[in-house]
Novice: 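My structure is below; once you've seen it, I'll send some questions.
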Amino acid sequence: MIKKEIILEKRQKTVNLLQDYGFSFADVNKMLRNKDVKVNGKATKENVMLEVGDEVVFFYSPEMLDKKVDIIFENDDVYIVYKSAGIESDGEKGLEKVLKGAIAVHRLDRNTEGLMVFAKNQTAEKKLLKAFKEKTVRKFYLAETIGMLEAKNKTFKAYLVKDSENSSVKVYQNKIKDAVEISMIVNTIKAGKESSLVEIELLTGRTHQIRAHLAFLGHAIIGDGKYGKNQDNKKFKQTRQKLACIKLKFNKVGIVGLDGKEFVKNPKWKV
């Protein structure tokens, strides 16, 4: 069994919390029946309301999340998978465990779904890390944002500072102390008065970059509880951010089966 410990950042019920982590409704009920969920040190079998600051510990088997992974491509060196929202990318509690020792060579936020690359061995890991660093792998995302965002392959640049205390980041137009430059190319697919659908090519890969940068521009991602506004998310009835990595384009990476290939998959949320 895998143990997961979290501190609540927002008020919500137990079932909603566990579903946000990628578990099915049936699996959540099974975990509650088996007393595999503890709130502030006490086992609970009920769908109780959790408060900000509550400590929640739950136990689950890797098999519960196996169905949450779609393997798009596999050979002796790599997996290309589509990660569901609510699942961590790496570590003992994430897809590296589910994929039995595979190594994540890039990351997606827990609540971001999309295509990911995992190396099966150290040689492949080294080549892929080099490829991502040298930008011979291109990453494209799809997002639905608040308001009318009109951009035709427009490059947006800003500066980002990590706020480790609050597990978030802040974006600034001009460089300040400890800031790193961020950039992305935005291409509007559909613009409307209330929301817009945009494709984003990520040029730099920083923590929460797309989410924070779009919010800084006044177009937060619908369903983003950290960088968006609660009233907007309630209006669109979204509790999970509408952001997905939908395309990976490989140039020269030196791995058989990847060079010159492009992998595309539409998001699971409704466009």
Novice: For Ala191, enumerate each residue passing the side chain to side chain contact (heavy atoms under 4.5 Å, CB included) test, keeping only those at least two apart in sequence or located in another chain.
Specialist: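 So Ala191 forms a side chain to side chain contact (heavy atoms under 4.5 Å, CB included) with Met148, Glu150, Thr188, Ser196.
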Novice: Less than 4.5 Å apart, side chain to side chain, heavy atoms only: is that true for Val57 and Ile6?
Specialist: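 No. Closest side-chain heavy atoms not under 4.5 Å.
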Novice: To the nearest 0.5 angstrom, please state how far the CD atom of Gln209 sits from the OG1 atom of Thr204.
Specialist: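 Between Gln209 CD and Thr204 OG1, I get 3.5 Å after rounding to 0.5 Å.
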Novice: If we only count heavy atoms from C-beta on, is the Phe118 to Ile103 side-chain gap below 4.5 Å?
Specialist: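 Counting from C-beta outward, Phe118 and Ile103 never come under 4.5 Å.
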Novice: Could you give all pairs that pass the salt bridge (Lys or Arg N to Asp or Glu O under 4.0 Å) test and reach residues 217-236, with sequence neighbours left out?
Specialist: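 Salt bridge (Lys or Arg N to Asp or Glu O under 4.0 Å) check on residues 217-236 returns Glu9-Lys226, Glu194-Lys235, Arg211-Asp224.
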Novice: Can you tell me how far apart CG (Leu108) and NE2 (His106) are? Round to the nearest 0.5 Å.
Specialist: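 Reported to 0.5 Å precision, the distance equals 6.0 Å.
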Novice: Can you confirm whether Arg33 sits close enough to Lys30 that some side-chain heavy atom of one is under 4.5 Å from a side-chain heavy atom of the other?
Specialist: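 Sidechains of Lys30 and Arg33: in contact.
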Novice: Is there a chain of hydrophobic side chains (I, L, V, M, F, W, Y, each step under 4.5 Å between heavy atoms) that links Leu243 to Leu202?
Specialist: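 Linked within one cluster.
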Novice: So Tyr141 and Lys139, do their side chains get closer than 4.5 Å, heavy atoms only?
Specialist: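 Yes. Closest side-chain heavy atoms under 4.5 Å.
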Novice: Determine, for Arg138 against Glu262, whether the closest basic-nitrogen to carboxylate-oxygen distance falls under 4.0 angstrom.
Specialist: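 Answer for the salt bridge query: no.
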Novice: Do Met116 and Ser89 come close enough that some side-chain heavy atom pair is under 4.5 Å?
Specialist: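 With C-beta onward as the side chain, the pair touches.
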Novice: Would you list the pairs meeting side chain to side chain donor-acceptor pair (under 3.5 Å) in which at least one residue belongs to residues 249-261, sequence neighbours left out?
Specialist: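 Output for this query is empty, none listed.
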Novice: Taking only residues two or more places apart in sequence, or in another chain, which ones meet Ile189 in a side chain to side chain contact (heavy atoms under 4.5 Å, CB included)?
Specialist: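 Partners of Ile189 under the side chain to side chain contact (heavy atoms under 4.5 Å, CB included) test: Leu142, Leu197, Glu199.
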Novice: Can you tell me how far CZ of Arg206 sits from CZ of Arg107, rounded to the nearest 0.5 angstrom?
Specialist: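 Rounded to the nearest 0.5 Å, the CZ-CZ separation comes out at 14.5 Å.
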Novice: Linking I/L/V/M/F/W/Y whenever any side-chain heavy atoms sit under 4.5 Å apart, do Leu129 and Phe250 land together?
Specialist: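 Shared cluster, yes.
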Novice: Is it true that a side-chain atom of Asn153 and a backbone atom of Ile185 form a donor plus acceptor pair closer than 3.5 Å?
Specialist: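 Not at all, since once roles are kept as given, no pair shorter than 3.5 Å links the two residues.
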Novice: Look at the side-chain heavy atoms of Ile, Leu, Val, Met, Phe, Trp and Tyr, link any pair under 4.5 Å apart, and say whether Tyr159 and Leu214 land in one connected group.
Specialist: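 Not linked; separate clusters.
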Novice: Would you check, one step at a time, whether the test side-chain contact (heavy atoms from CB on, under 4.5 Å) holds for Leu95 with Ile87?
Specialist: CA-CA 7 Å; Leu95 287 187; Ile87 300 177; 3.7 Å; yes
Novice: Show your reasoning for whether side-chain contact (heavy atoms from CB on, under 4.5 Å) applies to Leu18 and Met31.
Specialist: CA-CA 10 Å; Leu18 295 174; Met31 293 161 72; 4.2 Å; yes
Novice: Can you name the nearest heavy-atom pair linking Met49 to Lys13, along with the distance?
Specialist: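 It is CE-CG, 3.7 Å.
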Novice: With sequence neighbours excluded, tell me which residues meet side-chain hydrogen bond (donor to acceptor under 3.5 Å, both in side chains) with Ser195.
Specialist: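 Listed in chain order: Glu144.
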Novice: Roughly how far, to the nearest 0.5 Å, is CD1 of Ile221 from CG of Asn111?
Specialist: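 Output value for this atom pair is 11.5 Å.
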Novice: Using atom types as modelled and distance alone, determine if a side-chain donor or acceptor of Thr14 lies under 3.5 Å from a backbone N or O of Val48.
Specialist: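 Checked: pair present.
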Novice: When rounded to the nearest 0.5 angstrom, what is the spacing between CD1 in Ile200 and CZ in Phe156?
Specialist: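 Answer for the CD1-CZ pair, Ile200 versus Phe156, is 9.5 Å.
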Novice: Quick one: do Phe140 and Leu128 end up in the same hydrophobic cluster if we chain Ile, Leu, Val, Met, Phe, Trp and Tyr together by side-chain heavy atoms under 4.5 Å apart?
Specialist: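 Per the 4.5 Å side-chain linkage, Phe140 and Leu128 are not co-clustered.
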Novice: Flag the pair Asp36 / Phe58 as yes when at least one side-chain heavy-atom distance between them is below 4.5 Å, and no otherwise.
Specialist: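 Sidechains of Phe58 and Asp36: no contact.
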Novice: Who are the side chain to side chain contact (heavy atoms under 4.5 Å, CB included) partners of Ala244, not counting sequence neighbours?
Specialist: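 Here the qualifying residues are Tyr82, Glu113, Ile246, Pro267, Trp269.
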Novice: Is there any ring pair (Phe, Tyr, Trp, His ring centres under 6.0 Å) pair reaching into residues 190-245, and which pairs are they, with sequence neighbours excluded?
Specialist: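 Ring pair (Phe, Tyr, Trp, His ring centres under 6.0 Å) check on residues 190-245 returns His208-Tyr227.
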Novice: Holding to side-chain hydrogen bond (donor to acceptor under 3.5 Å, both in side chains), I want the full list of residues that pass it with Asp77, two or more places apart in sequence or in another chain.
Specialist: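 If we apply the side-chain hydrogen bond (donor to acceptor under 3.5 Å, both in side chains) test to Asp77, skipping adjacent residues, the hits are Asn121.
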Novice: Assess the pair Phe263 and Phe73: is the distance between their ring centroids shorter than 6.0 Å?
Specialist: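 Yes; Phe73 has its ring centre under 6.0 Å from that of Phe263.
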Novice: Check the pair Tyr79 / Leu99 against side-chain contact (heavy atoms from CB on, under 4.5 Å), numbers first and verdict last.
Specialist: CA-CA 9 Å; Tyr79 289 109; Leu99 295 172; 4.2 Å; yes
Novice: Can you tell me how far apart CG (Leu217) and CG (Leu149) are? Round to the nearest 0.5 Å.
Specialist: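 Reported to 0.5 Å precision, the distance equals 7.5 Å.
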Novice: Side-chain contact test, heavy atoms from C-beta onward, threshold under 4.5 Å: evaluate it for Thr145 versus Ile222 and give yes or no.
Specialist: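 Not touching, per the 4.5 Å side-chain cut-off.
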Novice: Quick one: which residue pairs count as a salt bridge (Lys or Arg N to Asp or Glu O under 4.0 Å) with a foot in residues 114-127, not counting sequence neighbours?
Specialist: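 Output for this query lists Glu74-Lys120.
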Novice: State yes or no: do Val78 and Leu115 share one hydrophobic cluster built from I, L, V, M, F, W and Y residues joined by side-chain heavy-atom distances below 4.5 Å, directly or via other members?
Specialist: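 Yes: a chain of side-chain contacts under 4.5 Å links Val78 to Leu115.
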Novice: Do Leu50 and Val56 have side chains that get closer than 4.5 Å, going by heavy atoms?
Specialist: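 Side-chain contact under 4.5 Å: yes.
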Novice: Report the residues that fulfil side-chain hydrogen bond (donor to acceptor under 3.5 Å, both in side chains) with Glu46, sequence neighbours left out, ordered by chain and then residue number.
Specialist: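 Glu46: no side-chain hydrogen bond (donor to acceptor under 3.5 Å, both in side chains) contacts found.
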Novice: Between Ile80 and Ile71, does the side-chain contact (heavy atoms from CB on, under 4.5 Å) criterion hold? Intermediate values first, please.
Specialist: CA-CA 6 Å; Ile80 308 290; Ile71 298 177; over 6 Å; no
Novice: Is it the case that more than 12 heavy atoms not belonging to Gln122 sit under 6.0 Å from its CD atom?
Specialist: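 Incorrect, the count does not exceed 12.
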Novice: Sub-3.5 Å donor-acceptor pair from the side chain of Asp109 to the main-chain atoms of Thr112, do we have one?
Specialist: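 No, because the side chain of Asp109 does not come within donor-acceptor range (under 3.5 Å) of the backbone of Thr112.
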Novice: Can you run down the salt bridge (Lys or Arg N to Asp or Glu O under 4.0 Å) pairs that involve residues 155-184, sequence neighbours left out, and say none if there aren't any?
Specialist: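 Every candidate salt bridge (Lys or Arg N to Asp or Glu O under 4.0 Å) pair involving residues 155-184 fails, so no pair, neighbours aside, qualifies.
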Novice: Residues two or more places apart in sequence or in another chain: which of them pass side-chain hydrogen bond (donor to acceptor under 3.5 Å, both in side chains) with Gln238?
Specialist: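 With sequence neighbours excluded, Gln238 shows a side-chain hydrogen bond (donor to acceptor under 3.5 Å, both in side chains) to no residue whatsoever.
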